[in-house]
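Note: hydrogens, waters and symmetry copies are ignored here, and every other heavy atom, side chains too, is used. Atoms within a ligand are numbered from 1 in the order they appear, just like the ligands themselves.
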Amino acid sequence: MVSQPKDIVMTDRLRIAIVGASGYTGVELARILVAHPRVDWIAAVGRSSVGRKLADDLPSLRGVVDLEVEAFDAASLARRTDAVFCALPHGQSAPIVDELRGHGLTVLDLSADFRLRDREIYEQWYGPHAAPERLAEAVYGLVELSRERLKTADLIAVPGCYPTASILAVAPLLRAELVSPEGLVIDAKSGVSGAGRSPSRAAHLPECAGGVRAYKVGGAHRHIPEIEAALSEISGVALRVTFTPHLVPMTRGILSTVYATAANPALDAEACTEAARALYADSPSVVVLDPGASPDTLAVRGSNRAHLSYAVDGRTGRVIAQAAIDNLVKGAAGQAVQCLNVRFGLSEGLGLPAVAVWP
Ligand SMILES: NC(=O)c1ccc[n+]([C@@H]2O[C@H](COP(=O)([O-])OP(=O)(O)OC[C@H]3O[C@@H](n4cnc5c(N)ncnc54)[C@H](OP(=O)(O)O)[C@@H]3O)[C@@H](O)[C@H]2O)c1
């Protein structure tokens with residue numbers, strides 16, 4: 001069922017809660033929402049941190065946020081809030097989202113639980129789904145490509161970080177039929193915060209600080225079906241991608257480099273750049289750099305911006321599309337707030353950091 005846009009008059013403020021507030025995307029939501037001019041953040045929900053002051057676990061909030069972490073109670077949140085951000089691990093999120101939706105709340109889910117429409121594909125990659133009947137209700141929240149649908153969505157599946165960068169980079173080329181949908185290769189690099197706050201050996205400082213390595217090589221990363229679903233919808237054919245993620249020794253940032261075969265041997269970088277600028281003309285979060293420029297994760301760190309660029313290797317007939325984002329902002333929390341803004345009729349970039357923390 002499609003619901004109607006909620007009427008927010010200019011004086012209204014949105015009351016929101018964050019479930020999973022003490023994680024990395026949770027704290028990034030907090031950073032953005034405390035400065036958002038139209039939002040009152042009134043509840044932080046957790047599990048192991050219940051009863052503690054949120055700022056005790058998140059030192060960057062000390063002296064700014066005085067909320068105590070509360071246990072999840074959908075009925076209580078429904079009485080007090082208009083919308084809820086869920087920043088929970090996949091699998092944990094679906095039952096909580098289901099309950100919140102059962103109480104009529106608008107939910108913005110940062111996990112993968114509602115990003116795939118096809119239950120079978122979800123279960124193949126993630127295991128059993130706790131609320132499959134809600135999959136059809138969810139709208140994929142890549143704002144630049146689904147702005148209209150988001151205006152009436154009450155369950156928004158905020159895209160993953162690698163998919164955000166990769167889809168934004170290649171979507172204009174597929175949409176304008178400048179490249180073949182066959183044989184796309186995505187080489188992507190992520191900072192360590194992409195793995196979340198729970199300590200793991202892969203993210204242990206001595207084991208990642210001095211080197212760069214690929215992981216989940218050979219079609220094994222869970223973001224593959226999400227990228228394929230979005231790009232298949234754009235191109236109109238069921239395409240497959242080769243996707244190799246890498247862990248690089250930095251805290252934040254994703255650089256995604258997509259290799260695609262030019263549909264026409266005369267294609268040049270200017271035409272690719274023009275197609276991207278046309279598609280993203282009304283998208284304040286996307287900046288298409290001039291041909292020859294190299295997107296840099298440092299130039300978007302802390303901002304809700306995606307920097308894109310295009311080059312063509314005339315010798316091989318391959319287009320090289322690149323995107324740099326901050327995985328925690330445009331790749332997660334910032335994008336979620338961008339979705340909230342669109343959903344509630346606010347200006348799309350309201351409250352979102354536009355300038356990076358650079359250098
Ligand atoms: N990190 C990224 O770059 C990134 C980017 C895009 C999307 N995402 C997705 O966003 C989601 C959150 O990621 P993250 O990196 O922020 O994870 P995280 O740092 O591991 O934090 C997850 C939080 O969820 C809370 N939690 C877990 N189970 C819960 C439950 N049943 N009820 C209430 N709270 C619960 C925990 O709170 P307590 O401390 O109170 O137990 C924890 O703080 C994941 O699905 C992830 O895939 C992450």
Subset of ligand 1 atoms that lie under 4.0 Å from at least one heavy atom of Gly46: 33 (C), 34 (N), 40 (O)

Minimum distance, heavy atoms only, to atom 29 (C) of ligand 1: which one of Leu54, Val19, Leu88 is it? Leu88

Given a cutoff of under 4.5 Å between side-chain heavy atoms of I, L, V, M, F, W and Y, with clusters grown through shared members, what are the other residues clustered with Val212? Val248, Met250

For ligand 1, find out whether one of its N or O atoms is nearer than 3.5 Å to an N or O atom of Ser49. yes

Here's a test for you: under side chain to side chain donor-acceptor pair (under 3.5 Å), which of Thr251, Asn327, Asp326, Thr25 qualifies with Ser193? Asn327

For residues 350-359, which side-chain donor-acceptor pairs fall under 3.5 Å, sequence neighbours excluded?
none

Heteroatom distance test (Ile96, ligand 1): nitrogen or oxygen, under 3.5 angstrom: no

Hey, does Tyr24 sit under 4.0 Å from ligand 1 if you only count heavy atoms? yes

Under 4.0 Å between heavy atoms, the region of Ser193 that gets near ligand 1 turns out to be backbone

Suppose I only count heavy atoms of Arg197 and a 4.0 Å limit; which atoms of ligand 1 are within that range? 18 (P), 19 (O), 20 (O)

Do Ile96 and Leu155 sit in one hydrophobic cluster, given that two such residues count as connected whenever their side-chain heavy atoms are within less than 4.5 Å of each other, even indirectly? yes

Among Val27, Leu58, Leu110, the residue with a heavy atom nearest to atom 9 (C) of ligand 1 is Leu110

In terms of atom number and element, which parts of ligand 1 are under 4.0 angstrom from non-hydrogen atoms of Gly196? 15 (O), 19 (O)

Do ligand 1 and Val50 have nitrogen or oxygen atoms that lie under 3.5 Å from each other? no

Would you kindly specify which portion of Gln92 sits under 4.0 Å from ligand 1, judged on non-hydrogen atoms: side chain, backbone, both or neither? side chain

